[in-house]
Amino acid sequence: MDKKIAIFPGSFDPYTKGHHDIVMRSLQLFDKVVIGIGYNSSKKNRYFDIDLMVSKIESVYEGNERVEVVVYNELTSSLAKRIGANFLVRGLRNTTDFEYENTISQMNRNLNEDLETVFLITSPEFAAISSTIIRDVHRFGATINEYLPYEV
């Protein structure tokens, strides 16, 4: 039987406890979860350095062979074909997330008919956490470690 490989794509700028929760719950459904950090080297608009984020995320899953972190600069549907993943995992906090993610899901399925998107509803305790808000909190000098599964 083929392994069920899922990609959890995002910018993860930064990677939060909400993201971690989605990965841990995904491991109950899939044999392997690849955390795919989408990155375009021509765009220098990340707040947290990509190498720092890769290192921090890898440290969270150290010793767990079922989780891998990759950086990619291609369509997510192309990455899925390249690594043999047939599933995408996305977390949904609210209906706004659903509207946005549903459109992307439809396009990914159009580009790769073997790719199924699985939506997981965010656990209530993480619903208010977003990378955008965490960046703003950090930018203005407040501590953000309580929202992250690692320390910065």
Side-chain angles (χ1 to χ4, degrees), residues 1-136 147-150:
M1 187 168 111
D2 289 338
K3 275 189 164 185
K4 290 184 183 175
I5 302 171
I7 299 173
F8 181 33
S11 59
F12 304 114
D13 189 22
Y15 186 84
T16 70
K17 285 184 177 177
H19 297 131
H20 176 64
D21 180 60
I22 295 294
V23 168
M24 296 311 292
R25 291 168 49 209
S26 295
L27 288 171
Q28 297 173 28
L29 304 170
F30 304 105
D31 299 309
K32 182 176 184 178
V33 176
V34 176
I35 300 169
I37 305 176
Y39 181 65
N40 183 336
S41 59
S42 67
K43 294 182 180 177
K44 301 293 183 189
N45 61 351
R46 284 190 65 89
Y47 183 79
F48 288 97
D49 179 74
I50 189 100
D51 294 327
L52 171 70
M53 208 44 44
V54 169
S55 172
K56 293 294 187 182
I57 297 169
E58 286 178 340
S59 74
V60 171
Y61 302 101
E62 190 174 346
N64 188 337
E65 297 176 2
R66 296 177 57 211
V67 179
E68 179 182 350
V69 181
V70 300
V71 176
Y72 69 103
N73 184 10
E74 62 187 300
L75 292 171
T76 303
S77 59
S78 299
L79 172 67
K81 283 182 185 177
R82 186 164 57 81
I83 68 172
N86 286 329
F87 301 94
L88 292 181
V89 173
R90 299 298 294 155
L92 300 177
R93 290 171 299 200
N94 51 45
T95 56
T96 303
D97 283 355
F98 174 77
E99 293 295 329
Y100 175 75
E101 295 292 346
N102 184 47
T103 303
I104 293 172
S105 170
Q106 298 297 330
M107 181 54 73
N108 280 325
R109 188 70 185 262
N110 189 51
L111 295 169
N112 179 350
E113 65 184 21
D114 296 324
L115 193 57
E116 190 68 57
T117 300
V118 176
F119 296 120
L120 295 179
I121 304 300
T122 303
S123 295
E125 63 268 32
F126 303 119
I129 300 175
S130 81
S131 292
T132 303
I133 292 170
I134 301 306
R135 285 193 305 271
D136 287 343
Y147 308 107
L148 309 175
Y150 51 85

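For reference, positions follow the sequence shown, starting with 1. Hydrogens, waters and symmetry mates play no part in the numbers below; they use all other heavy atoms, side chains included.
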Are any of the side-chain heavy atoms of Tyr100 and Ile104 separated by less than 4.5 Å? yes
Salt bridge (charged side-chain N to carboxylate O under 4.0 Å, His left out) against Arg66, all qualifying residues, sequence neighbours excluded: none
Which value, rounded to the nearest 0.5 Å, describes the distance between Ser131 atom OG and Phe12 atom CZ? 8.0 Å
Looking only at heavy atoms, which two atoms of Ile37 and Ser11 are closest? And how far apart? CG2-O, 3.6 Å
Please list, chain by chain and in numerical order, all residues satisfying side chain to side chain contact (heavy atoms under 4.5 Å, CB included) with Asp51, sequence neighbours excluded. Asp49
Quick check for you: to the nearest 0.5 Å, what is the distance between Met107 atom CE and Leu115 atom CG? 13.0 Å
Just so I know, are the side chains of Tyr15 and Met53 near enough to count as touching, which here means a heavy-atom distance under 4.5 Å? yes
Show, in sequence, the C-alpha distance, side-chain angles and deciding distance for Tyr72 and Tyr39, and conclude whether the side-chain contact (heavy atoms from CB on, under 4.5 Å) test is met. CA-CA 6 Å; Tyr72 69 103; Tyr39 181 65; over 6 Å; no
Which heavy-atom pair separates Arg46 from Asp13 by the least distance, and what is that distance? CA-OD2, 3.4 Å
Qualifying residues under side chain to side chain donor-acceptor pair (under 3.5 Å), relative to Ser59, sequence neighbours excluded: none
By side chain to side chain contact (heavy atoms under 4.5 Å, CB included), which residues pair with Asp2, not counting sequence neighbours? none
Within 6.0 angstrom of Tyr61 OH, more than 12 heavy atoms from elsewhere: yes
ring-ring contact (aromatic ring centres under 6.0 Å, His included) filter on Tyr150, not counting sequence neighbours, yields none
Is the number of heavy atoms from other residues, nucleotides or ligands within 6.0 Å of CD (Glu125) greater than 12? yes
Which donor-acceptor pairs under 3.5 Å do the side chains of residues 78-86 make with protein atoms, sequence neighbours left out?
residue	atom	partner	partner atom	Å
Lys81	NZ	Leu111	O	3.4
Arg82	NE	Glu74	OE2	3.1
Arg82	NH2	Glu74	OE2	2.6

How would you list, by chain and number, every residue that makes a side chain to side chain donor-acceptor pair (under 3.5 Å) with Ser77, sequence neighbours excluded? none
Looking at Leu52 and Phe48, what are the two nearest heavy atoms and their distance? CD2-CD2, 4.3 Å
Sequence neighbours excluded, which residues qualify as side chain to side chain donor-acceptor pair (under 3.5 Å) partners of Thr117? Ser105
Report the residue from Leu92, Leu27, Leu120, Ile121 that forms a side chain to side chain contact (heavy atoms under 4.5 Å, CB included) with Ile22. Leu120
Going by the rule salt bridge (charged side-chain N to carboxylate O under 4.0 Å, His left out), which residues pair with Asp136 if we only count those two or more places apart in sequence or in a different chain? Arg139
Value rounded to 0.5 Å, distance of CD1 in Ile7 from CZ in Arg90: 11.0 Å
Nearest-0.5 Å distance that lies between atom OG in Ser130 and atom CG in Asp97: 9.0 Å
Considering residues at least two apart in sequence or located in another chain, which fulfil the side chain to side chain donor-acceptor pair (under 3.5 Å) criterion with Lys32? Glu68
Could you go through Thr16 and His19, starting from their C-alpha distance and side-chain angles, then the distance that decides it, and tell me whether this counts as side-chain contact (heavy atoms from CB on, under 4.5 Å)? CA-CA 5 Å; Thr16 70; His19 297 131; 3.3 Å; yes
Indicate yes or no: at least one non-hydrogen side-chain atom of Ile50 is less than 4.5 angstrom from one of Val71. yes
Residue pair Phe87 / Phe30, side-chain heavy-atom distance below 4.5 Å: yes
Measure the CD1-CZ distance between Ile35 and Phe8 for me, rounded to the nearest 0.5 Å. 7.5 Å
Closest heavy-atom contact between Val89 and Ser26? CG1-OG, 3.2 Å
Salt bridge (charged side-chain N to carboxylate O under 4.0 Å, His left out) filter on Glu116, not counting sequence neighbours, yields Arg109
Atom NE2 in His20, atom CZ in Arg25: separation rounded to 0.5 Å? 12.0 Å
Residues forming a side chain to side chain contact (heavy atoms under 4.5 Å, CB included) with Phe126, sequence neighbours excluded: Lys17, Asp21, Thr122, Ser123, Ile129
